[in-house]
Amino acid sequence: MSAWSITTPIYYVNAEPHIGHTYTTVVADTLARYHRLAGDDVFCVTGTDEHGDKIAEVAAAAGEDPRVFADRISNLFRSTWQELGLSFDRFIRTTDPDHVRAVQHVLELVHAKGDIDFREYRGLYCVGCERFLTERDMVDGLCRDHERAPEERTESNYFFRMTRYFDALGEKIEREPDWIRPARYRNEVLAMLREDSGLEDLCISRPKTRLDWGIELPFDPDYVCYVWFDALINYLAALGYPDQPGWEARWGGVEHLIAKDILKPHGVFWPCMLMAADLPLYQHLNVHGYWNVDDRKISKSLGNMVSPLKMRDKYGFDAFRYFLLRDMSFGLDSSFSEEALVTRINADLANNLGNLVSRTLNMTARFADGVVPEPDAAGPLEAGVEAAAREAAREVATRMRELEMHRALEAIFRLVDATNKYLDERAPWKAAKEPERAGEVRTTLHTCCQALRSIGLLLSPFVPDTAAEILDRVGATDALASARLPDDAERWGAVSPGTPTRKGDALFPRIELETGDA
RNA sequence: GGCGAUGUAGCUCAGGCGGUUAGAGCGAGGGUUUCAUAAGCCCUAGGUCGUUGGUUCGAGUCCAACCAUCGCCA
């Protein structure tokens, strides 16, 4: 038994949950479910990031207290995940008192160590934006947004001296090639650490005169903590750092899941912060790509945000999460469209899986009195199905270690295919017409029930409701309670003859593509 | 402008330690079957492996340049 702490980013409360948030959260949920079924000790965390100027601005514009605004959006995230059946051991908010304490604790540690210093700097400040501009923000010397000249201004802030840790971090990454994965992102982080990348010490504060919606610095009440020294520490706080029992064990097995847009904070800032605080580094940083929608980037202005609740209402959440997990190669960008979703549902879930369940249980009802039949001796065809189950179980275990969920699902569906093919080869609907072949019919249906049990177990982390339904229909209702993956999915003979089965309705009815209006 | 990634059948992608006829799934076409959700099963894809040049007996597979897309940085 090993400890797995699985984290999603804490989502910034300036947007409602969309397909991007949903994907990361579904991956976390799937990993957590898989490891629970593997008998591991799992702690799964998500939450919301609520401080910073964007929230202060939006709240002010609405004439609202930022706290009230943040409460509303944070609750929206929490209730969305709950409604979708994505469960977590902790939903953390950066406004939670224990998070605030953890942030201040780390700040004190790092400050005492001498890794935080106070610096004065000059820059071009836009009064409209209320911030310093970079070259990128300007066109012809004017602020891009406000079309006015910024003024030179001096400000003092606290800086985290993270460049001190770049060498040590680089060595860590060289030493452990899969620490940041997939490899493409590891390379990017290495590039960031090179001297010519321009990456410097990190500004971690804002004067309260400019922003007061944040966590106060423990060593200077005139400043609040800015962005990453606040947000990243949620990962520690959620596990109980610094004073709740058990946090260290959980921290020992942390798997971070992020999208590629926040690679730098997680691949560079965060490990440097942990080293500065003399804390162990996370197990892996797992980085995935973006979802495009109808081949375009997700954006508010395009209105193509894809609400997970709407997808659930229209197609069922298992179908939606199956698509997300099956169609994205972890690490690469992928494209969502309802057409692609429907295609996937029909091909995999309706035709292959759903239909296999239908035909198996229908024949069990017709030819075996609706109970799992007593088999005769197994022949080579039966051995083939058993071997397919074994292969699927093992490949799923391998793929899950690498976070290649699309490959894991491919492997499971090879078992589904093998079972469909087996059924055709045995053709029990023909054998049933010949009384002397009754034993063969029983053996065949018994084997299919066995296969469905394996399929249900393996599928459970990915499409939990569907998997539970399949197991229930083949009389393996209790299988999940005592299951241990992957071994249990390849254990043959676990379905007891005589157990009642249930035919049920179509698991995934085929969907006809609608012609126009949406 | 610098660094990096990607570019393989209509679509999504495998292969990429150089070597027999370049693979899978989906979609499409044909066949077969009827237990099943007009599902399953069987057969069929002849794709200059982005372009051009090089290394080699031999290159999607190595090297260079270029083009396209994307990301990071400036």
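So you know, we letter chains A, B, ... as the sequences are listed, proteins then strands, and number each from 1.
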For [N], give its Watson-Crick or G-U wobble partner with both distances under 3.5 Å, or none.
{"N": "B:U69", "result": "B:A5"}
{"N": "B:U20", "result": "none"}
{"N": "B:G53", "result": "B:C63"}
{"N": "B:A28", "result": "B:U44"}

- request: Using the closest heavy atom to pick a nucleotide of RNA chain B for each, name whichever of A:A191 or A:D417 lands nearer the 5' end.
  value: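 So the residue in question is A:A191.
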message: With nearest nucleotide decided by heavy atoms, which residue, A:G354 or A:K421, maps closer to the 5′ end of RNA chain B?
response: A:G354
Counting heavy atoms from C-beta on, name the nucleotide in [options] closest to the side chain of [X].
{"X": "A:W429", "options": "B:U34, B:U37, B:G40", "answer": "B:U34"}
{"X": "A:D424", "options": "B:U37, B:G40, B:C26", "answer": "B:G40"}
{"X": "A:N351", "options": "B:C72, B:A5, B:A39", "answer": "B:A39"}
{"X": "A:S358", "options": "B:C26, B:A36, B:G40", "answer": "B:A36"}
{"X": "A:R366", "options": "B:U34, B:C13, B:A36", "answer": "B:A36"}
{"X": "A:N420", "options": "B:U37, B:C13, B:C41", "answer": "B:C41"}

Applying a 4.0 Å non-hydrogen cut-off, can you work out what [X] is touching in the nucleic acid: base, sugar-phosphate, or nothing?
{"X": "A:F508", "value": "base"}
{"X": "A:R407", "value": "sugar-phosphate"}
{"X": "A:A347", "value": "sugar-phosphate"}
{"X": "A:D348", "value": "nothing"}
{"X": "A:R184", "value": "sugar-phosphate"}
{"X": "A:L263", "value": "nothing"}
{"X": "A:P428", "value": "nothing"}

What integer distance in Å separates [X]:[atom1] from [N]:[atom2]?
{"X": "A:D261", "N": "B:C70", "atom1": "CG", "atom2": "P", "answer": "17 Å"}
{"X": "A:M192", "N": "B:C72", "atom1": "CE", "atom2": "C1'", "answer": "6 Å"}
{"X": "A:L409", "N": "B:C26", "atom1": "CG", "atom2": "C1'", "answer": "15 Å"}
{"X": "A:I180", "N": "B:C72", "atom1": "CD1", "atom2": "C1'", "answer": "14 Å"}
{"X": "A:E404", "N": "B:U12", "atom1": "CD", "atom2": "C1'", "answer": "16 Å"}
{"X": "A:L325", "N": "B:G25", "atom1": "CG", "atom2": "P", "answer": "22 Å"}
{"X": "A:R186", "N": "B:A5", "atom1": "CZ", "atom2": "P", "answer": "12 Å"}
{"X": "A:L423", "N": "B:C41", "atom1": "CG", "atom2": "P", "answer": "10 Å"}

Think [X] has a side-chain N or O under 4.0 angstrom from the OP1 or OP2 of [N]?
{"X": "A:N362", "N": "B:A36", "value": "yes"}
{"X": "A:K264", "N": "B:C73", "value": "yes"}
{"X": "A:N346", "N": "B:U37", "value": "no"}
{"X": "A:R344", "N": "B:C26", "value": "no"}
{"X": "A:K260", "N": "B:A5", "value": "no"}

With the threshold set at 4.0 Å, does a side-chain nitrogen-carboxylate oxygen contact exist between [X] and [Y]?
{"X": "A:D53", "Y": "A:R210", "answer": "no"}
{"X": "A:R426", "Y": "A:E382", "answer": "yes"}
{"X": "A:E402", "Y": "A:R407", "answer": "no"}

task: Describe, in one word, how the ring planes of A:W291 and A:F336 are oriented to each other, choosing from parallel (under 30°), tilted (30 to 60°) and perpendicular (over 60°).
output: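 Correct class here is perpendicular.
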For residues [X] and [Y], is any side-chain donor paired with an opposing acceptor at under 3.5 Å?
{"X": "A:E155", "Y": "A:Y125", "answer": "no"}
{"X": "A:D327", "Y": "A:Y322", "answer": "no"}
{"X": "A:S335", "Y": "A:N292", "answer": "no"}
{"X": "A:Q450", "Y": "A:H446", "answer": "yes"}

Please give the distance between the [atom1] atoms of [N] and [M] as a whole number of Å.
{"N": "B:G18", "M": "B:G29", "atom1": "C1'", "value": "37 Å"}
{"N": "B:A5", "M": "B:U21", "atom1": "C1'", "value": "33 Å"}
{"N": "B:A22", "M": "B:G16", "atom1": "C1'", "value": "11 Å"}
{"N": "B:C11", "M": "B:C17", "atom1": "P", "value": "26 Å"}
{"N": "B:A9", "M": "B:A24", "atom1": "P", "value": "14 Å"}
{"N": "B:G10", "M": "B:U20", "atom1": "P", "value": "24 Å"}
{"N": "B:C62", "M": "B:G19", "atom1": "C1'", "value": "14 Å"}
{"N": "B:C26", "M": "B:G4", "atom1": "C1'", "value": "32 Å"}

task: Could you check if the base of B:G60 is syn or anti? Syn means the glycosidic torsion is within 90 degrees of 0.
output: syn
task: Kindly indicate whether a cation-pi arrangement holds for A:R312 with A:F317, taking the cut-offs as under 6.0 Å to the six-membered ring centre and within 45° of the axis.
output: no
query: Between the base of B:A36 and the side chain of A:N355, is there a donor-acceptor distance below 3.5 Å?
result: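 Side chain to base: pair present.
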